[in-house]
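Before any comments, here is the structure.
Here is the naming used below: chain letters follow the sequence lines, and residue numbers restart at 1 for every chain.
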There are 2 protein chains.
Amino acid sequence: MSEIKDRPYHHGDLRRALIDTALDMLATNQNWTFTLREVARRTGVSHAAPYKHFHDRETLLRELARIGFVQLGESLTEAVSLGQPSTRAQFVAAAQACIGFACQNPGLYRLMFSSDADKTIDPQLHDAAMSTFGILLDLLERGQRDGSFRPIAVSALAAASWAQVHGLAMLAINYQLLEEKVGSTPVPTALDVLLDGMCRSD
Amino acid sequence: MSEIKDRPYHHGDLRRALIDTALDMLATNQNWTFTLREVARRTGVSHAAPYKHFHDRETLLRELARIGFVQLGESLTEAVSLGQPSTRAQFVAAAQACIGFACQNPGLYRLMFSSDADKTIDPQLHDAAMSTFGILLDLLERGQRDGSFRPIAVSALAAASWAQVHGLAMLAINYQLLEEKVGSTPVPTALDVLLDGMCRSD
DNA sequence: CCTCCATGTTTACAGGAGAAACTTATGCAG
DNA sequence: CTGCATAAGTTTCTCCTGTAAACATGGAGG
């Protein structure tokens, strides 16, 4: 109703439309080899129109990655505040949320951690990534305060668990966690191994 | 002496020369956005010559990745057979070798684990990756037999440690293991946390 | 009502991927 | 030794992309 279907000269929200198209193609092809011209075509505008909204192709890719980090952050926040009894259980929930996000958006997840999403170029992307990383840090700090996690440098815990979760996610979306190779529940099992090292042993 | 410098019509080993040029550019730029034509130019041949040796640009990229896995495998083998006293110490040595390889060849390492090195397309690439992964598996199995590692499914140990090492490597080459964030020795610290979970607690 | 400017479009160009047709030199059959 | 088949290079061509520049449009504010 509020949308005029037959192409008024001005689109209304072309920026958002281009992003949606690109996200679609990313999800469909599981890669970001699409051309900017094709995004424009699929969105129904001329091939130069995107340049009014994105400086170049890579700027669009970084915006997709930024959106990915925001969405991942929401998933993590939701998982953490799901009311798991222990901090350890919250950690597992968050880890599984992250890996689940990766499996449901493999193309996007790969883009987020690829060199095409260079955080040193785009402060907004950098901030989004840091903000998402911060959710993990908060959880770890809380776990240390309540005595769940060992009182070693929180940064060491962060490095270990971030590496672990991200590593599992990458293995998962590359189909390298096949049952015949790593058993039927590789993710919780691997997380348990790590957590046994992270948690107080007393 | 044995090389004729002034361009005989036939190069002699253009395939190898193209690979070397591409590896150089990969190392220099830390990315593989180079064009096939530029590789040809730098190698001193016409832009169509590479097609006599590689079906297309991506085939060349996969060959670079394959070579990377072979080299990584050599580093790992060397690290393992360095004669560390314990299996645990051997594991640390291998992990550090992997992370060291990544830091010294960040572009190549990223390519090896990117979607441009699709292992489902190229059996040789797949085999090279599996062979390298096998070094880790052997180490873990040996560690279980000698009682160093817990007697849980070796596949779970493999998933956990592979994820951890690969995750740390990715963090390292993305400059996300800065001292101010994760302390001065994030890698051994993170590995220790994992190993405490992997090793027998008695 | 008129004019400005953000947001479109058209046109233009340099370069890349890759196919096809052509060239060269080398090894081998006679 | 001759000569041809063939592998390995080159030239030429077509289609496509990214991106810049010039032009068009139409909605918001004076």
Side-chain angles (χ1 to χ4, degrees), chain A residues 1-26 28-29 31-65 111 114-118 121-122, chain B residues 2-22 24-26 28-29 31-65 111 114-118 121-122:
Chain A
M1 292 302 164
S2 62
E3 270 185 32
I4 305 160
K5 290 296 173 192
D6 43 85
R7 322 278 162 109
Y9 192 91
H10 290 98
H11 182 284
D13 196 355
L14 181 54
R15 181 187 164 85
R16 185 70 226 178
L18 291 167
I19 288 172
D20 287 343
T21 304
L23 283 174
D24 267 3
M25 298 179 72
L26 185 55
T28 303
N29 310 340
N31 65 46
W32 53 100
T33 56
F34 53 74
T35 68
L36 202 45
R37 282 166 110 102
E38 195 178 350
V39 174
R41 266 194 301 271
R42 292 259 248 262
T43 313
V45 295
S46 76
H47 62 81
Y51 288 93
K52 299 293 175 184
H53 299 276
F54 303 97
H55 179 261
D56 58 14
R57 184 174 171 280
E58 302 221 317
T59 304
L60 169 60
L61 293 180
R62 282 193 296 270
E63 175 63 10
L64 300 183
L111 171 60
S114 81
S115 38
D116 285 323
D118 188 340
I121 294 179
D122 183 342
Chain B
S2 62
E3 269 184 35
I4 305 161
K5 290 295 173 193
D6 42 88
R7 321 281 163 106
Y9 192 90
H10 289 97
H11 182 285
D13 197 355
L14 181 55
R15 182 187 162 84
R16 186 67 226 181
L18 290 167
I19 289 173
D20 287 342
T21 303
D24 266 3
M25 298 179 71
L26 185 55
T28 304
N29 311 340
N31 66 44
W32 53 99
T33 56
F34 52 75
T35 67
L36 203 44
R37 283 165 110 101
E38 196 178 348
V39 174
R41 266 196 300 273
R42 292 261 246 262
T43 312
V45 293
S46 76
H47 63 80
Y51 290 95
K52 299 290 175 187
H53 299 275
F54 302 98
H55 180 261
D56 57 15
R57 183 176 170 278
E58 303 220 317
T59 304
L60 169 59
L61 292 179
R62 282 192 295 271
E63 175 62 9
L64 300 183
L111 171 59
S114 81
S115 38
D116 285 323
D118 188 340
I121 294 178
D122 183 342

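In this view, A/D13 satisfies the side-chain hydrogen bond (donor to acceptor under 3.5 Å, both in side chains) rule with no residue, not counting sequence neighbours.
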Below 3.5 Å between N/O atoms, which protein atoms pair up with nucleotides 19-21 of chain D? Just atom names and distances, please.
| unit_1 | atom_1 | unit_2 | atom_2 | d |
| --- | --- | --- | --- | --- |
| D/dT19 | OP2 | A/Y51 | OH | 3.3 |
| D/dT19 | OP2 | A/R57 | N | 3.1 |
| D/dT19 | O4 | A/R37 | NH1 | 3.1 |
| D/dT19 | O4 | A/H47 | ND1 | 3.4 |

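A/E63 pairs with exactly one of A/R57, A/R15, A/R16 by the salt bridge (Lys or Arg N to Asp or Glu O under 4.0 Å) rule, that one being A/R15.
A donor-acceptor contact shorter than 3.5 Å links the side chain of B/S114 to the backbone of B/D116.
Counting heavy atoms from C-beta on, the side chains of A/W32 and A/M25 never come closer than 4.5 Å. Contact of the B/D24 side chain with the B/F34 side chain is not registered, since no non-hydrogen atoms from C-beta on lie closer than 4.5 Å.
Residues B/A40 and B/L18 approach most closely at CA-CD2, 4.3 Å, considering heavy atoms. Nearest heavy-atom pair, A/L60 versus A/A22, reported as atom, atom and distance to 0.1 Å: CD2-CB, 4.2 Å. Considering every non-hydrogen atom in both A/N31 and A/L26, the closest pair reads O-CD1, 3.5 Å.
In this structure, the CG atom of A/L18 is 10 Å from the P atom of C/dT9, given to the nearest Å. Straight-line distance from the NZ atom of A/K52 to the P atom of C/dC5: 14 Å, rounded to whole Å. Atom CG of B/L14 and atom P of C/dT24 are 18 Å apart (whole Å). The distance between atom CG of A/L60 and atom P of D/dT17, rounded to the nearest whole Å, is 15 Å. The separation between A/E38 atom CD and D/dC15 atom P is 18 Å, rounded to whole Å. Between the NE2 atom of B/H53 and the C1' atom of D/dA7 there is a distance of 9 Å, given to the nearest Å. For the pair A/R15 CZ and C/dG8 P, the computed distance is 12 Å after rounding to whole Å.
Proximity of A/T35 to the phosphate of D/dT17: a side-chain N or O atom is located under 4.0 Å from OP1 or OP2. For D/dC16, the OP1/OP2 oxygens have no side-chain nitrogen or oxygen of A/R41 closer than 4.0 Å.
Between the side chains of A/T59 and A/D56, at least one donor-acceptor pair of N or O atoms lies under 3.5 Å.
Comparing the axis of the opening five pairs of the helix from C/dC1-D/dG30 to C/dG30-D/dC1 with that of the closing five pairs yields an angle of 10°, rounded to 10°.
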